[in-house]
Structure formats: structure tokens, C-alpha cells
Protein chains: 2
Amino acid sequence: LISCKEISKIYKMGEVKIKALNNISLEISKSQFISFIGPSGSGKTTMLNLFGVLDKPTSGILKVIDTDISKLNYVERAKFRGEHLGFIFQNFNLIPVLTVFENVEYPLIMVKSIPPKERKEKVLSLLDEVGMLDQKDKLINQISGGQKQRAAIARALTTDPKIVLADEPTANLDHKSAFKVMSLMRKLSHEIGTTFIFSTHDPKIVQEVDIIYTIEDGVLVNREKRSKK
Amino acid sequence: LISCKEISKIYKMGEVKIKALNNISLEISKSQFISFIGPSGSGKTTMLNLFGVLDKPTSGILKVIDTDISKLNYVERAKFRGEHLGFIFQNFNLIPVLTVFENVEYPLIMVKSIPPKERKEKVLSLLDEVGMLDQKDKLINQISGGQKQRAAIARALTTDPKIVLADEPTANLDHKSAFKVMSLMRKLSHEIGTTFIFSTHDPKIVQEVDIIYTIEDGVLVNREKRSKK
Ligand SMILES: Nc1ncnc2c1ncn2[C@@H]1O[C@H](COP(=O)(O)OP(=O)(O)OP(=O)(O)O)[C@@H](O)[C@H]1O
Ligand SMILES: Nc1ncnc2c1ncn2[C@@H]1O[C@H](COP(=O)(O)OP(=O)(O)OP(=O)(O)O)[C@@H](O)[C@H]1O
Ligand SMILES: [Mg+2]
Ligand SMILES: [Mg+2]
């Protein structure tokens, strides 16, 4: 589903070059639960931004859903993301002046030709799954940190994407909400084959995934296949 | 140091009233490590915003450092915060177009008449303590989530505040960075008597504090004094 060969990402800041990712090669299969772990600043978000076609590698070959990402222009990348991918950003990226409902509904309006009635049912059902139904008409700047995180999670899932990139999706959640979110994701993975790729420091996520990649200083240092109970 | 009697906070949204905090009474002593825990949306951030004089209670009496907060106007509250308090916000609230160094230095410039040389030493020393020295000249929009969190932590500590309000300060940190931050806070608490008030879901913080308050649906449901080893 995703394959990267010798992927590097270099940020230029004037004279200075920062190698955020250094020759990473790996493959991810359909319907898997994958997690990237590693110290703060190690390159996890950068990795997810590449897989999520939000950014291009500086060198190397990256294929997502059989598509060579370097061959797409800006508009094609946006279209590709809208059709196939879902994002839970580390800082949520919700629209503060829209309601929870409007934020979660947004990708569905943009991307697919789904009748309003069906769209509404989809949004309400996901909000219910993340325990946010009673908050649906509040503005984003009127809810708590964990409520924003759950709205961001619901939004990532509305279009039934093939791949969900989840950057620290439980960082602001209590245990109960975190487990609820993980079982929702497991359910989607079983029912529609969604592939989930996490960047996380949360052991509750790491203990649930199939494959754990460890990154340190932009280098892939370990790959662990977890044995399922 | 802080005392609240029958504190309530009600948010009005048109016709709807939301009781975010419901008749909370408690007292906090100097130099303690206090944590508020509870489900997402339970009222922890609201509580910290009141203690941090960022917001006023709807009813009840709140005293912070012997001052009745309801007696202060907007300008006086800003001055009070600048002189006595430090904040680590749940969403960091850093200035994206300034560097890490500039963000951490900012409260020192605003509040105290400290010579530039001494100010620079203070900022560099704190950046070193949170492992951010090599990132000091990068803009906030050029660093990782956990790096932003550590910059926010350093910024909260530059003015040697009497009370630090820390809202989920380790949510985006790996274990090693989180422990480093907790020992820095312990050190400050011993050396200069800083009181730390946390809102958190992180067991690593909860196991380090002296007193744990549990909030559910805006109501204080438990107070636990932890026995020190
Ligand atoms: N400006 C506002 N207007 C209306 N309701 C609000 C506002 N700010 C917060 N609330 C509501 O008050 C309640 C408490 O919010 P608060 O941010 O204190 O929760 P929290 O315990 O910090 O949650 P989390 O763990 O998710 O960060 C929530 O239900 C939230 O939706
Ligand atoms: N736009 C940028 N310009 C320069 N350097 C950057 C930029 N974005 C990220 N970096 C650097 O690249 C490195 C990797 O960043 P990344 O955000 O991927 O880390 P991370 O593993 O997600 O960390 P965290 O756990 O703290 O979120 C960091 O050292 C960061 O400072
Ligand atoms: Mg990150
Ligand atoms: Mg909060």
C-alpha cells in the first residue's frame, strides 16, 4: 500500500540544512495498524506528512496506493488526499469559528457526492462513537482540548479513507476516551480495511498495533512485529 | 496560597447555559505539587484558567496569593499574572513567527527589569534544561510538537513565578523528555518554592504529585494526599 525507498527529508533554513529523515526504506501493507515511536524531534510527524502526501521527500522514491507521489503536482496531491486519506493532526487543525458538526462534515462536502441526509447520518454516527454528540453545535473555540482531539478524530474518518495518518491522536485524552477511540479504529480496520499509521508516545496505542517502527534522529533503528494475543 | 469557596463557572451560549464548574471549594498551599485529573471535558482547564487569573468565576470567592481576584480589573489581572504566575497552555500559545529563544525570553522582557546579559543567561539555561538549546534559533513553525511543548515549558519558568499552571505539559513528550521536565520542576519547587498545579491524563505526572484532585462533570469528587516514598 505504501512503499518508501531511501527516503530523505532535508529542511533548509538559510545556510543550515536539517536532515529530518535519513534514508528510510520500508513497506506498509493494507489494513495494518502501524506505529512510529521515538523521541521528541526524531522525525515521526515528518514521516506521517510524507505518507499523507502533505509534503514531498527531498530524495528517494515514495509510492502511496500505487502512485509515485513525486509525479503529482500541488492540485493532484490535494485531490489524491481528499479521495484516499484521512488526517488527525498533532495540533488538530480544526476551524475555530465553525461548529464541531460543521468541522466533521467538511471533508464529506468537499470530496464526495453524498446526499445531505446521508452525510448528516454519517457525521452524527461518528460523533456518537467518539462521545461528542452532545457537543456538536458548539464552536471549536468553546470546547476542551480532548474534545477538540475527538472532533479531529471523527473528521479524519468521515470519508472512509483507505489510510488514516494519526499524529498523537490520544495525547489529550483520558484512558476511557482513548480506549473508545482505539476500538472505533479497530472496528473500521475490520469492517472496511482501513490502514492506520500512528505517530505516538502513548503505550496504550503501541500495545494495540501490528508493527512498531522506531525512529531516532531521522533514522529507522528498529522494526518490531507484535505477536497478537 | 490559593483558596476557592463555592466556585462556579457557567458558560452562556445564547439560551444555553453550561455549568463547567459546580461549587468547587479547596485550598492549595505554597510549594506543593498538585494535580487535577478527570475525564476529557470535566473542567480541568477551566479550573486552571481561574487559578491563573485568566478568567473570573461566575460565582464564589477566589483568592490567589492573598488577592481577591474579583476585585481586579482587566489591566490589574494582566499585571498580577505577569508578576506572579507562569503558564503552560494545553495548546502552547507560542508565537509562530518568533524563534524559540525569543518566545522564551518574552515574559522576562515584559515583566522584569533584568539586564539583557542576565536575561540571555536565564533563557539559555532553561532551554538547556528542557533539551532545546540546539533549537533556539528556529521559528516555532519549524519545530516538532514535543519541541513546542518544551519551549512552552521553558517560557513558563523564566520569570521564576510563584505559581505555575501546567495544562497537560507532557502530552506530546516521550518518556525521557517527560521525566527530564518533571525533575526540572521538582528542582525549582525545592530551590525557589514554586507551586505547580497540573491538569493531566499522564500517570507519570500523577505519581509525582503531593495532592490529587479528581473532577468529573465540573464537580470535585475526590481529594487524595499521596504518601511520599
Ligand atoms: N468557551 C466555552 N463555551 C462553552 N463551553 C465551554 C467553553 N470552554 C469550555 N467549555 C466546556 O466546559 C467543559 C469543561 O472544559 P475544560 O476545557 O475545562 O475541560 P478539561 O477537563 O480541560 O478537558 P480535556 O481533558 O479534554 O482538556 C467542557 O464540556 C467544555 O466543552
Ligand atoms: N519546517 C521545518 N524546518 C526546519 N526543521 C524542521 C521543520 N519541521 C520539523 N523540523 C525538524 O525536524 C525534526 C523532526 O521533526 P518532527 O516534527 O518530525 O518530529 P517528531 O518525531 O514528530 O517529534 P514530536 O514527538 O516532538 O512531535 C525536528 O528536529 C524538527 O525540529
Ligand atoms: Mg510530532
Ligand atoms: Mg483541558
Side-chain angles (χ1 to χ4, degrees), chain A residues 11-14 16 18 20 37-46 48-49 89-92 94 96 99 130-132 134-135 137-151 167-178 180-181 199-204 214-216 218, chain B residues 11-14 16 18 20 37-49 89-92 94 96 99 130-132 134-135 137-151 167-168 170-178 180-181 199-204 214-216 218:
Chain A
Y11 291 110
K12 286 208 197 67
M13 293 163 29
V16 181
I18 298 198
I37 63 175
S40 170
S42 54
K44 305 180 295 297
T45 293
T46 303
L48 257 63
N49 288 346
F89 294 96
Q90 195 164 4
N91 60 351
F92 316 147
L94 296 161
T99 66
V130 298
M132 283 290 290
D134 60 346
Q135 305 285 327
D137 297 322
K138 289 173 82 174
L139 301 184
I140 293 300
N141 58 21
Q142 290 174 328
I143 61 178
S144 79
Q147 289 169 338
K148 285 173 190 156
Q149 191 144 45
R150 286 181 278 154
D167 204 340
E168 308 273 8
T170 55
N172 286 281
L173 300 181
D174 55 287
H175 271 248
K176 199 148 157 261
S177 305
K180 211 165 162 179
V181 155
S199 150
T200 191
H201 298 296
D202 187 350
K204 294 193 288 298
T214 308
I215 289 186
E216 279 173 28
Chain B
Y11 291 110
K12 286 208 199 67
M13 292 162 30
V16 180
I18 299 200
I37 63 174
S40 169
S42 55
K44 305 181 296 296
T45 293
T46 303
M47 194 85 253
L48 257 62
N49 287 347
F89 295 95
Q90 196 165 2
N91 61 352
F92 316 147
L94 296 162
T99 66
V130 299
M132 284 290 289
D134 59 346
Q135 304 287 324
D137 297 322
K138 289 172 82 173
L139 301 183
I140 294 300
N141 58 21
Q142 290 175 327
I143 61 178
S144 78
Q147 289 170 339
K148 285 174 189 154
Q149 191 145 43
R150 287 181 278 155
D167 204 340
E168 308 272 10
T170 55
N172 285 281
L173 300 182
D174 54 287
H175 271 246
K176 199 148 158 263
S177 305
K180 211 166 164 178
V181 156
S199 150
T200 190
H201 299 295
D202 188 351
K204 295 195 287 300
T214 308
I215 291 186
E216 279 174 28

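First the proteins, then the strands, lettered A, B, ... as listed; each starts at 1. Predicted model, so just to flag it, every value in this text is computed and none were measured. Values below: every heavy atom of this structure, side chains too, minus hydrogens, waters and symmetry copies.
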Which portion of [X] sits near chain A, non-hydrogen atoms under 4.5 angstrom:
{"X": "B:Glu168", "answer": "side chain"}
{"X": "B:Ser144", "answer": "side chain"}
{"X": "B:Thr45", "answer": "neither"}
{"X": "B:Ile143", "answer": "neither"}

Results of side-chain contact (heavy atoms from CB on, under 4.5 Å) for B:Asp202 - residues two or more places apart only: B:Thr170, B:Thr200, B:Lys204, B:Ile205
Which residues share a side-chain contact (heavy atoms from CB on, under 4.5 Å) with B:Lys176, sequence neighbours left out: B:Asp174
Heavy-atom pairs under 4.5 Å with chain A, option from B:His175, B:Gln149, B:Gln142 with the top count: B:Gln142
Nearest atoms (heavy-atom pairs only) where B:Gly145 meets A:Gln90: CA-NE2, 3.5 Å
Min side-chain heavy-atom separation B:Ile18-A:Lys138 under 4.5 Å: yes
Side-chain donor/acceptor of A:His201 to backbone N/O of B:Asn172, under 3.5 Å: yes
